[in-house]
2 protein chains.
Amino acid sequence: MRVSTRFSDSIHLLAYIKIYADTRLTSDAIAASIETSPVVVRRLMSKLRQAGLLTTTPGTAQPALAKPLSQISLLSVFYAIEGDKPLLAVDPKTNPDCIVGGNIQTVLKQYYQEAQTAAEARLAKTSLQDVVDNILVEQAKKDARQ
Amino acid sequence: MRVSTRFSDSIHLLAYIKIYADTRLTSDAIAASIETSPVVVRRLMSKLRQAGLLTTTPGTAQPALAKPLSQISLLSVFYAIEGDKPLLAVDPKTNPDCIVGGNIQTVLKQYYQEAQTAAEARLAKTSLQDVVDNILVEQAKKDARQ
DNA sequence: AATCGTAGTAATCAATTAAGTTACAGGAAG
DNA sequence: CTTCCTGTAACTTAATTGATTACTACGATT
């Protein structure tokens, strides 16, 4: 499978809005940072808006975080963007007349869900504020090297 | 992305080999249970063999588990099949001249790894023996209903 | 109000990946 | 030596992602 970068790009987008709050936050400018197209950015913002993480104004470059960064967890971004897709997928079509094929979904679904829940619990512990803080720390390291 | 069912199918395959040990374990028979093609089954078995989980004999329908089921964790199967692919992918191509674009990978990679490690820790706790046991329990429930 | 720049979104395209299929070389066993 | 099977490569098909194009509608500025 081609791995989706939507989740990663959404975090990028939100961090950008915070760090570059005093610039013109057009979808073009944000797209230039992510190195994608403005339409992709607007699509992601649409999802984030529907999830209540972002407010936008049609016609105006004015995206704004709907909550303090510290109250937006990576998990809430994940749900906003990929909430309907499991990290691990059970093969939905197996032979029901076989002992294995007829029961594997029920069994695996449960173990997969537990693994995903464990990952989600970790994502819930990190907020976008942590991400932004770390980005600034990394940037400071780079600056110090020069 | 179309979500891969290789991991799920591999667990299926190994459970099948155990539960139907006294039947002819041709790739055709296993494929019929997974409802896929024999070639797909042989491809999965090839990976499992390379990972030391399975032994096979060219020309003969004789796949056998290389270790007791209780010593094969879901995680080891996951590594055998999808070990090189992360559950969450960081966008590898962002603008390095931007504070966000230039540091997001470093920062996110770490959080993503922690989430994946949490999921893997959960997968490591479950063995194929657990899966087989559960499959048989589910089957017994079905039988009791009839 | 006219215009310009922007958001929102649908529709289409291109690239990638997964799984299915075909084909065939080679081993094992009767 | 014939038959059945595994192991693999090559190709096809289907699904998904992200990029692109095109358009409508909104808002600010003049």
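Chain A is the first sequence line, chain B the second, and so forth, proteins listed ahead of strands; every chain is numbered from 1.
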Sorted by chain and residue number, the side-chain hydrogen bond (donor to acceptor under 3.5 Å, both in side chains) partners of Thr94(A) (sequence neighbours excluded) come out as Gln105(A)

Across all chains, not counting sequence neighbours, the side chain to side chain contact (heavy atoms under 4.5 Å, CB included) partners of Ser73(B) are Leu75(B), Ser76(B)

Taken in chain and number order and not counting sequence neighbours, the residues that satisfy side-chain hydrogen bond (donor to acceptor under 3.5 Å, both in side chains) with Asp143(A) are Gln139(A)

When rounded to whole Å, the CG to P distance for the pair Asp91(A) and dA18(C) reads 15 Å

Those residues at least two apart in sequence (or on a different chain) that pass side chain to side chain contact (heavy atoms under 4.5 Å, CB included) with Thr117(A) are Gln113(A)

Per-nucleotide protein contact along nucleotides 21-30 of chain C, 5' to 3', at a 4.0 Å heavy-atom cut-off (B base, S sugar-phosphate only, - neither), is BB---BBS--

So, with a heavy-atom separation below 4.0 Å from DNA chain D, the residues of residues 98-109 of chain A are none

By salt bridge (charged side-chain N to carboxylate O under 4.0 Å, His left out), Arg122(A) pairs with (sequence neighbours left out) Glu114(B)

Looking only at dG8(C), dG7(D), dG18(D), the nucleotide nearest the Thr5(A) side chain is dG18(D)

The correct set of residues in residues 14-27 of chain A placing a heavy atom under 4.0 Å from DNA chain C is Arg24(A), Leu25(A), Thr26(A), Ser27(A)

Taken in chain and number order and not counting sequence neighbours, the residues that satisfy salt bridge (charged side-chain N to carboxylate O under 4.0 Å, His left out) with Glu138(A) are Lys141(A)

Sorted by chain and number, sequence neighbours left out, side chain to side chain contact (heavy atoms under 4.5 Å, CB included) with Asp133(A) holds for Gln129(A)

Rounded to whole Å, NZ of Lys47(B) lies from C1' of dT8(D) at a distance of 13 Å

Of the listed dG8(C), dT6(D), dG18(D), the closest approach to the Met45(A) side chain comes from dG8(C)

Residues passing the salt bridge (charged side-chain N to carboxylate O under 4.0 Å, His left out) test with Glu35(A), sequence neighbours excluded, are none

Those residues at least two apart in sequence (or on a different chain) that pass ring-ring contact (aromatic ring centres under 6.0 Å, His included) with Tyr20(B) are Tyr16(B)

